[in-house]
Amino acid sequence: VCGRARERLRDLDLLLDGVVASPDARLVLLQRPPQIFMMRSVRTVLLASFCSAARSLNAPVVTLTGGKAKLFKAGNPLVYGGAVKSVSGKPATGAVVDVVDGSGGFIGWGVFNPISMYRVRLLAHEEPALLAHRDIEQLLQHRLRAAMERRRALRLPSDENTAYRLVNGEGDRLSGLMVDVYAGVAVAVSSAIWLENWSDAVRDALLELPEVTSVVWRRNLARLKQDGWDARLKQDGGDADDEQQERPAATAVEVLESGLKYELDPYGQKSGFYCDQRDNREMLARLCGGQRVLDLFCFSGGFAISAVAAGATSALGIDSSAPALALAQRNAELNGLGDACAFEKHDVLKFLKARDEDPDAEPFDVVICDPPKLAPSVKDLPRATPRYRKINALAMRALRPGGLLLTCTCSAAMSQSDGKFVRTVQEAALDEGRVLTLLRTTGAAADHVMNPAYPESRYLTAALFVVQ
């Protein structure tokens, strides 16, 4: 039954795709809306039939409370405990479960966790090829191939860019998994128990992709502990948030971003490099010709190096991490830009305050301010907002009138707070008696894809201002 329903769904989808692609057919059907409605209704009935047949696979069932199912039918992949009415059987942590609405209508299947706030991470929803089975290995292969196709559509990797985000968690329908690829080295960061249970299958599926030559397994221990994982069970891979951890010797990888060379450590901070700022680095670099640039929280020097490569007269990078600064200096030298780039170890706030008190300090033409996450959750916003305000106020003091300020937040709580970040920067400008003009706001690079049904994955905001 599953096979027959799947074949009919495929045939109908091909027919609908053909109609959409044909201007003549589209014009006819626009004049005859009942025909469009009928075709869509047939597909809905077929999908319901298919889902009903797929339910005979006898996975444990999670039933949602009334009124909660609509969110997950629309594609949101994270089922919170408060949305669950009942659970049939006794599924173990990481077990595959079906999710149904209060009437027993099938929504999708995913992995169960009785400990986590995310009671079910939905992995398959309204996709006949995935609803016909409950095989996680097949699903991983399918999802990773699809993720790679999306990156190929973005021309990644390319002769100019060999560092990119291959899997962006919920955006690629693999909740809890992040994978960055660096010149063929895939750095997979797990933040969910189900991925720890299936880590070998993830590795195998990644290695089936021609763009991947090796896999490094990392963990976000803070997220895993929230998911109920015991860090004592496994010790390999290391914490992606721990820059001081022990790591294998000779792990450096050289990549290209916008034609520039960068050395990175796949066992370093996060996954070793910040691909999310690629588009922002390229955008800002075009505006830096003949300018003096200050790169605050510079990490491995991406903004400073790209600015000088595009014609900036000089760039100064400031960071509190000695390993990051050593890496930044090597990266500048890799590109023959060591003379124009300088990197200094300071606490950024103390550096800016000391500079403000120096009467001989010359203002910069361009300032980049990209601090670490200051608000890990919404409850941290009251504490983090004054810090963002203070950092940006001091950054403006280092900037000449008419200069450019690119200021960022990687805190999802701030980015999703209805413009709060831009308002906070505006308040900092008022404190300093400066006038802001907002040129643009952007987010993460295009390879950090999002599921439209899960806007909560948006985390990065980069705002470019002229500061008078």
Side-chain angles (χ1 to χ4, degrees), residues 162-169 176-183 185-191 215-225 231 235-257 260-278 280-281 295-306 317-332 334 341 343-349 351 368-376 384 391 408-412 444-445 447-448 459-460 462:
T162 61
Y164 57 97
R165 173 66 54 88
L166 171 59
V167 177
N168 198 46
L177 179 64
M178 182 274 285
V179 182
D180 287 331
V181 179
Y182 303 127
V185 178
V187 181
V189 180
S190 159
S191 60
V215 178
V216 173
W217 192 262
R218 306 287 307 279
R219 298 187 179 92
N220 185 324
L221 290 183
R223 295 278 182 88
L224 279 167
K225 288 175 182 176
Q235 297 297 328
D236 60 306
D239 184 2
D241 287 329
D242 182 6
E243 189 180 357
Q244 306 302 321
Q245 65 181 308
E246 293 184 10
R247 62 197 69 178
T251 59
V253 176
E254 186 176 303
V255 300
L256 291 172
E257 181 184 272
L260 296 170
K261 299 176 183 177
Y262 292 92
E263 180 184 304
L264 61 89
D265 181 356
Y267 289 89
Q269 189 172 316
K270 298 300 181 184
S271 69
F273 194 68
Y274 288 93
C275 299
D276 54 359
Q277 291 281 23
R278 181 198 312 109
N280 293 324
R281 285 190 280 261
D295 184 2
L296 301 171
F297 308 97
C298 68
F299 187 49
S300 58
F303 277 107
I305 291 167
S306 59
I318 304 296
D319 203 283
S320 61
S321 167
L325 292 168
L327 187 57
Q329 189 62 52
R330 288 199 299 275
N331 287 335
L334 269 177
C341 294
F343 300 96
E344 297 179 5
K345 184 178 185 297
H346 298 284
D347 175 278
V348 168
L349 285 176
F351 166 81
I368 301 102
C369 185
D370 186 16
K373 185 185 297 185
L374 300 180
I391 290 170
C408 310
T409 175
C410 61
S411 298
D447 51 354
H448 290 58
Y459 69 97
L460 178 64

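The basis for the numbers below is simple: all heavy atoms, side chains too, and nothing from hydrogens, waters or symmetry mates.
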Would you please test Y262 and I305 for side chain to side chain contact (heavy atoms under 4.5 Å, CB included) and show each step? CA-CA 10 Å; Y262 292 92; I305 291 167; 3.9 Å; yes
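- No salt bridge links D180 with K270; every basic N to acidic carboxylate O contact stays at or beyond 4.0 Å.
- Nearest approach of S306 to L260, heavy atoms of both residues: CA-CD1, 3.7 Å.
- Within the 4.5 Å cutoff, no side-chain heavy atoms of N220 are placed close to those of M178.
- Between V185 and V253, the closest heavy-atom pair is CG2-CG2, 4.2 Å.
- Although no hydrogens or angles enter the test, the distance criterion places a donor-acceptor pair under 3.5 Å between the side chain of R218 and the main chain of G268.
- In this structure a side-chain-to-backbone donor-acceptor pair under 3.5 Å is present from S191 to G176.
- Considering all non-hydrogen atoms of both residues, C408 and P371 come closest at O-CD, 3.4 Å.
- With hydrogens and angles ignored, the 3.5 Å screen pairs no side-chain donor or acceptor of D370 with any backbone N or O of F297.
- Taking CZ of F351 as the start and CD of E344 as the end, the distance is 6.0 Å to the nearest 0.5 Å.
- Of the possible donor and acceptor atoms, none in the side chain of T251 sits under 3.5 Å from a partner among the backbone N and O of D265.
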Stepwise, does the side chain to side chain contact (heavy atoms under 4.5 Å, CB included) test hold for R278 with Y164? CA-CA 9 Å; R278 181 198 312 109; Y164 57 97; 3.7 Å; yes
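- Taking every heavy atom of both residues into account, K373 and S411 meet most closely at CG-OG, 3.3 Å.
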Go through the steps for L296 and I391 under the test side chain to side chain contact (heavy atoms under 4.5 Å, CB included), then give the verdict. CA-CA 10 Å; L296 301 171; I391 290 170; 5.7 Å; no
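- When side chains are defined from C-beta on, L325 counts as touching C298, because their heavy atoms get closer than 4.5 Å.
- T162 places no side-chain N or O within donor-acceptor distance of the main-chain N or O of V255, the cut-off being under 3.5 Å.
- In this structure, the side chains of K345 and D319 stay at 4.5 Å or more apart for every pair of heavy atoms.
- Residues S190 and W217 form a side-chain contact, since some pair of their non-hydrogen atoms from C-beta on lies under 4.5 Å apart.
- Side-chain contact between D276 and Y459 is present, with at least one heavy-atom pair separated by less than 4.5 Å.
- Taking each heavy atom of A375 and A384 in turn, the nearest pair found is CB-CB, 3.7 Å.
- Put simply, the side chain of N331 gets close to the backbone of E263: a donor and an acceptor are under 3.5 Å apart.
- With a 4.5 Å cut-off on side-chain heavy atoms, Y274 and S300 do not count as touching.
- A pairwise comparison of heavy atoms in R219 and V189 identifies C-CG1, 4.1 Å as the closest pair.
- Put simply, the side chain of H448 does not reach to within 4.5 Å of the side chain of L460, judged on heavy atoms.
- Atom CZ of R330 has more than 12 heavy atoms from other residues, nucleotides or ligands within 6.0 Å.
- Between V187 and Y182, the closest side-chain pair of non-hydrogen atoms falls below 4.5 Å.
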